[in-house]
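Sequence positions, counted from 1, serve as the residue numbers for this chain. Keep in mind that the numbers below use all heavy atoms, side chains included, and drop hydrogens, waters and symmetry copies.
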Amino acid sequence: MSSLVHNVKNFVSLDEIEKIKKEVHSMESEWKSFSDYNRYKRYKNIWQNKDNMQHILGDAIYLIHTFDNGPSREEINWHLRSKLIQKFDWLYVKLFQEIKKTFNVEKVSFDDTLPIPGFHIFGKYEIPKTEFIVHQDTGILDYYPEIDENLIRSFVLLIQSPKTPPCLDIVFSGEHAHLSESVPYEYGTLHFWYGIIPHRIGAFALEKDEFRITFQGHFYVEPDTGVVKLYF
């Protein structure tokens, strides 16, 4: 059976991975805990244990989305968005070029109204082996219900890993259970998959002072123009 994940090997070099890692750690003061977002204020007691393990550099749309009022842009840190573009301009350029090549499209840009691809960060403190929630990356439909959900893509690039091998679990049930798979992440490889595929972070553990850092994002195709738009 062929994989549901498309892997672009040698997307970046190991030296470039190390460069990204150092930049992300240098920006630690701008890492944000999941429970700092308004969406999780009401669940502070549930999420406080994650303050020490799960952070984000940039603002993902599922964190700025509120339960009561739906899609929101109020919590986007526009200064940090600009700073990420400046610090990682070369990485975004490579990403744009690869998307054009892999998906045979002419125009790629950021969605100027949303956060740009950023970083998920686990670390600093010991974390027991943890399983994560199965989900789909279709939150962008709350912002643009007219786009084709079949053209939503997600991607990840491994930046730093604990001893536990990092992977993506694709989890189907029922008649499609045979499509489930676990896809290992590899340094230097850019991994793409369809946003509508049910998936989760593969279970992992962290020892004290270990980190798990990934560069992540998504894109959709603008119906009227065919332009590929990237967001976090």
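Donor-acceptor pairing under 3.5 Å is lacking for the side chains of R212 and S161. Counted by atom type alone, T138 and Q136 present zero donor-acceptor pairs between their side chains at under 3.5 Å. For the 3.5 Å distance criterion, the side chains of Q160 and H25 qualify, holding a donor opposite an acceptor. No side-chain donor from either of D15 and S13 sits under 3.5 Å from a side-chain acceptor of the other.
Looking at Y231 and I140, their side chains come closer than 4.5 Å, going by heavy atoms from C-beta outward. In this structure the side chain of S109 never reaches within 4.5 angstrom of the side chain of V228, judged on heavy atoms. Within the 4.5 Å cutoff, side-chain heavy atoms of Q216 are placed close to those of F232. Within the 4.5 Å cutoff, the side chain of I85 has heavy atoms near those of the I116 side chain. Under the 4.5 Å side-chain criterion, counting only non-hydrogen atoms from C-beta, V183 is in contact with S3. Within the 4.5 Å cutoff, no side-chain heavy atoms of I159 are placed close to those of T214. Using a 4.5 Å cut-off on side-chain heavy atoms (C-beta onward), I99 and F219 make contact. Residues L157 and Y185 have side chains not in contact (no heavy-atom distance under 4.5 Å, counting atoms from C-beta outward).
Enclosure of atom CD in E106 is not indicated, since only 12 or fewer non-hydrogen atoms of other residues, nucleotides or ligands lie within 6.0 angstrom. A 6.0 Å sphere centred on CZ of F88 holds more than 12 heavy atoms belonging to other residues, nucleotides or ligands. Counting heavy atoms of neighbouring residues, nucleotides and ligands inside a 6.0 Å radius, atom CG of N104 does not exceed 12 of them.
Across N38 and E75, no two heavy atoms sit closer than the pair N-OE2, 3.0 Å. Among all heavy-atom pairs drawn from N10 and T189, the shortest one is N-OG1, 4.4 Å. Nearest approach of D137 to S154, heavy atoms of both residues: OD2-OG, 2.6 Å. The shortest non-hydrogen separation linking D169 to G202 is OD2-CA, 3.5 Å. Of all the heavy atoms in F11 and K94, the pair that sits closest is O-CE, 3.0 Å. Nearest heavy atoms, L114 versus R81: O-NE, 2.9 Å.
At least one donor-acceptor pair closer than 3.5 Å links the side chain of S180 to the backbone N or O of F172. D148 places a side-chain N or O within donor-acceptor distance of the main-chain N or O of N150, the cut-off being under 3.5 Å. In this structure, the side chain of H135 engages the main chain of I133 through a donor-acceptor pair within 3.5 Å. With W193 contributing its side chain and H199 its backbone, the two residues share no donor-acceptor pair below 3.5 Å. Judged by distance alone, the side chain of S82 and the main-chain N or O of L80 form no donor-acceptor pair under 3.5 Å. Within the 3.5 Å criterion, the main-chain N or O of Q86 finds no donor-acceptor partner in the side chain of Y92. A donor-acceptor contact shorter than 3.5 Å is absent between the side chain of S33 and the backbone of H55. Although no hydrogens or angles enter the test, the distance criterion places no donor-acceptor pair under 3.5 Å between the side chain of K32 and the main chain of L57.
Ion pairing of E126 with K208 is absent here, as no side-chain N (NZ or NE/NH1/NH2) approaches a carboxylate O to less than 4.0 Å. A salt bridge between K19 and E16 is absent, with no side-chain N of the basic residue lying under 4.0 Å from a carboxylate O of the acidic one.
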Derivation and outcome, side-chain contact (heavy atoms from CB on, under 4.5 Å), residues I152 and L141: CA-CA 9 Å; I152 300 169; L141 295 172; 4.2 Å; yes

side-chain contact (heavy atoms from CB on, under 4.5 Å) between V24 and K21, worked out: CA-CA 5 Å; V24 171; K21 183 178 74 173; 5.9 Å; no

L230/L95 under side-chain contact (heavy atoms from CB on, under 4.5 Å): CA gap, chis, key distance, verdict: CA-CA 10 Å; L230 273 71; L95 178 61; 3.4 Å; yes

CA sep, side-chain torsions, deciding dist, call: K163, E207, salt bridge (Lys or Arg N to Asp or Glu O under 4.0 Å): CA-CA 8 Å; K163 294 185 180 70; E207 296 180 4; 3.3 Å; yes

Intermediate values then yes/no, side-chain contact (heavy atoms from CB on, under 4.5 Å), K107 and K100: CA-CA 7 Å; K107 295 183 179 181; K100 288 180 180 179; 5.9 Å; no

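Between H120 and Y62, the ring planes are perpendicular. Angles over 60° get that label, and only those under 30° would be called parallel. By the 30° and 60° cut-offs, the orientation of the rings of F192 relative to F103 is perpendicular. A perpendicular orientation is assigned to the rings of F122 and F132, their planes being inclined by more than 60° (bins at 30° and 60°). Ring geometry for F119 versus F215: interplanar angle of 30 to 60°, hence tilted.
V12 and V93 fall into different hydrophobic clusters, where Ile, Leu, Val, Met, Phe, Trp and Tyr are joined by side-chain heavy atoms under 4.5 Å apart, directly or via other members. Linking ILVMFWY residues whenever their side-chain heavy atoms come closer than 4.5 Å, directly or via other members, leaves V227 and V221 in distinct clusters. In the hydrophobic clustering of ILVMFWY residues, with side-chain heavy atoms under 4.5 Å counting as a link, W90 and F155 come out together. Note on Y143 and I147: same hydrophobic cluster, where clusters join Ile, Leu, Val, Met, Phe, Trp and Tyr whose side-chain heavy atoms are under 4.5 Å apart, directly or indirectly. No single ILVMFWY cluster, assembled from side-chain heavy atoms under 4.5 Å apart, contains both V171 and L4.
With values rounded to the nearest 0.5 angstrom, I64 atom CD1 is found 7.5 Å from R73 atom CZ. To the nearest 0.5 angstrom, E186 atom CD is 6.5 Å from N7 atom CG. Put simply, CD1 on I76 and OG1 on T113 are 7.0 Å apart, with the number rounded to the nearest 0.5 Å. Note that the CD1 atom of I121 and the CD1 atom of I56 stand 8.5 Å from one another [nearest 0.5 Å]. With rounding to the nearest 0.5 Å, the separation of CD1 in I197 from CG in L168 is 8.5 Å. We find the CD-OG distance between E181 and S2 to be 8.5 Å, quoted to the nearest 0.5 Å.
Relative to the six-membered ring of Y220, R153 misses at least one condition, a distance below 6.0 Å or an angle of at most 45° to the axis. Cation-pi contact between K229 and F110: absent, since separation from the ring centre below 6.0 Å together with deviation from the ring axis within 45° is not met.
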